[in-house]
Amino acid sequence: MQRFEDYLNENLPQVSSFHPVYEEALGVMLTAGGKRFRPMLLLSIVEAYEPMLYDSALPVAMALEMFHTYSLIHDDLPAMDNADLRRGHQTLHKRYDEVTAILAGDALNSDAFYLIAKAPLREDIKIKLVELLARDGGSRGMVLGQAIDCYFENTPLSIEQVKILHTNKTAKLIAVSLQMGAVIVGLDRGIQNELYCFGIDLGLLFQIQDDIIDETQSEEEAGKTTGNDGDKNSFVNLLGLEQTVQEADVLAKDLQRRFETFDEKLQYALQPLITKYLNRHKE
């Protein structure tokens with residue numbers, strides 16, 4: 001974690017211009033903290049199988065964090081969630097203005113792919129990584145999830161529709177983080193698919209836990225705006241808090257069972273993250 005944090009702080013976007021806040025705005029949300037869950041999933045796999053590639057994978061891990069941060073900046077905008085707090089700090093449109101937040105998000109989106117393109121990895125590997133991030137972060141993934149989420153505010157969906165929403169909005173970026181790590185180290189397609197499917201359910205659990213946190217924690221405890229899901233198709237709004245916690249428990253147990261079938265290297269690599277996050281809804 002510290003190696004990644006050091007790399008991120010040493011490689012923040014640098015854009016010299018006479019704009020008074022542009023360069024600063026690009027880095028503010030990157031350095032504001034966060035769980036770094038997605039880059040840690042990728043780097044854990046690289047460290048387990050090909051530790052000599054760890055440094056070469058750091059730009060790709062940072063690309064994931066940049067892309068995720070862009071999505072948060074845009075998610076917090078007045079047109080979407082209209083949130084005031086993120087990672088314990090003012091959201092970007094509150095700190096600066098809405099235009100700056102939109103453009104900083106746009107820049108981080110593009111810069112994520114630039115980082116992958118410039119990473120010291122084989123060209124065919126980088127092309128695959130770009131393909132995967134574009135697939136699950138774009139119109140077929142995260143953006144689709146956001147579109148459904150916003151369009152159906154105040155319109156209750158079925159539980160299956162909500163799962164589709166959050167599979168796209170949240171789970172696919174978590175799943176693709178695992179798959180991208182597997183691509184870097186050359187794991188075979190079968191293992192890649194197994195990791196991706198595991199990541200989809202892990203991402204779904206992550207979203208269910210976030211819904212529980214939104215319902216049960218204060219803004220200070222969560223480090224972000226909470227109590228903001230009243231009009232949203234959240235699991236808590238659909239199922240109630242008690243049943244949502246039960247849903248999280250069932251999914252966490254199933255993920256633990258599947259995790260224990262992974263090979264020893266994979267278990268060793270992912271154990272700290274699994275231990276930390278699998279049951280965070282019980283904290």
Side-chain angles (χ1 to χ4, degrees), residues 13 15 19-35 38 63-113 133-157 161-174 203-204 206-208 210-211 213-215 217-219 222-238:
V15 185
H19 193 294
V21 299
Y22 177 69
E23 183 179 81
E24 179 185 77
L26 296 177
V28 163
M29 279 296 121
L30 286 169
T31 57
K35 295 179 281 293
R38 293 151 191 82
L64 278 172
E65 188 64 19
M66 272 186 160
F67 195 91
H68 174 56
T69 302
Y70 126 71
S71 77
L72 300 181
I73 292 169
H74 280 194
D75 194 44
D76 290 336
L77 287 167
M80 296 182 77
D81 278 3
N82 195 23
D84 295 344
L85 196 67
R86 174 69 69 176
R87 293 176 169 173
H89 297 265
Q90 273 189 314
T91 49
L92 220 57
H93 67 275
K94 285 290 182 180
R95 179 174 177 134
Y96 301 110
D97 53 60
E98 196 171 343
V99 169
T100 301
I102 290 168
L103 293 175
D106 289 344
L108 292 177
N109 180 343
S110 298
D111 280 6
F113 294 100
L133 182 55
R135 181 196 69 191
D136 283 3
S139 63
R140 298 166 182 80
M142 189 200 72
V143 177
L144 171 61
Q146 290 280 32
I148 294 171
D149 194 27
C150 292
Y151 188 84
F152 288 97
E153 273 190 24
N154 296 306
T155 304
L157 298 174
Q161 288 173 322
V162 170
K163 286 181 179 178
I164 290 168
L165 187 170
H166 291 299
T167 293
N168 283 284
K169 182 181 174 183
T170 303
K172 284 187 177 180
L173 274 185
I174 288 173
L204 206 54
F206 213 75
Q207 182 60 53
I208 295 170
D210 274 355
D211 287 356
I213 287 166
D214 185 81
E215 183 72 15
Q217 291 190 8
S218 68
E219 292 187 351
K224 61 181 179 180
T225 301
T226 58
N228 208 31
D229 284 351
D231 301 328
K232 296 278 189 176
N233 277 287
S234 74
F235 286 92
V236 172
N237 287 342
L238 209 64

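- Looking at every heavy atom in both residues, Ala25 comes nearest to Thr100 through CB-CG2, 3.7 Å.
- Separation of atoms CG (Asp106) and CD1 (Ile73) is listed at 9.5 Å; rounding is to 0.5 Å.
- A donor-acceptor contact shorter than 3.5 Å is absent between the side chain of Arg38 and the backbone of Leu173.
- Here the shortest heavy-atom pairing between Ala112 and Ala63 reads O-CB, 3.2 Å.
- Under the 4.5 Å side-chain criterion, counting only non-hydrogen atoms from C-beta, Glu215 is not in contact with Asp211.
- Nearest heavy atoms, Phe152 versus Asn233: O-ND2, 3.0 Å.
- Taking Leu77 as the reference, His74, His93, Glu98, Ala101, Ile102 meet the side-chain contact (heavy atoms from CB on, under 4.5 Å) condition, with sequence neighbours excluded.
- For Asn109, the side-chain contact (heavy atoms from CB on, under 4.5 Å) criterion is met by Phe67, Tyr70, Phe113, not counting sequence neighbours.
- Contact record, Leu26 with Ala107: CD2-CB, 3.6 Å, taken as the closest heavy-atom pair.
- Partners of Ser110 according to the side-chain contact (heavy atoms from CB on, under 4.5 Å) rule, which considers only residues two or more places apart in sequence or in another chain, do not exist here.
- Thr69 contributes no side-chain N or O that, together with a main-chain N or O of Met29, makes up a donor-acceptor pair within less than 3.5 Å.
- In this structure, the side chains of Arg135 and Leu133 stay at 4.5 Å or more apart for every pair of heavy atoms.
- Lys163 contributes atom NZ, which lies 13.0 Å from atom CD of Gln207 (distance to the nearest 0.5 angstrom).
- Of all heavy-atom pairs spanning Gln90 and Arg95, the tightest one is OE1-CA, 3.7 Å.
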For residues 139-149, which side-chain N or O atoms pair as donor and acceptor with protein atoms under 3.5 Å away, sequence neighbours left out?
from	atom 1	to	atom 2	distance (Å)
Gln146	NE2	Asp75	OD1	3.2
Asp149	OD2	Lys169	NZ	2.7
Asp149	OD2	Lys232	NZ	3.3

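- Scanning for side-chain contact (heavy atoms from CB on, under 4.5 Å) contacts around Asp111 gives Pro13, Met66, with sequence neighbours left out.
- Under the 4.5 Å side-chain criterion, counting only non-hydrogen atoms from C-beta, His89 is not in contact with Val28.
- In this structure, CD1 in Ile164 is found 9.5 Å from CG in Leu157, a value given to the nearest 0.5 Å.
- Here the side chains of Asp210 and Thr170 are not in contact, with every heavy-atom distance at 4.5 Å or above.
- Residues passing the side chain to side chain donor-acceptor pair (under 3.5 Å) test with Thr167, sequence neighbours excluded: none.
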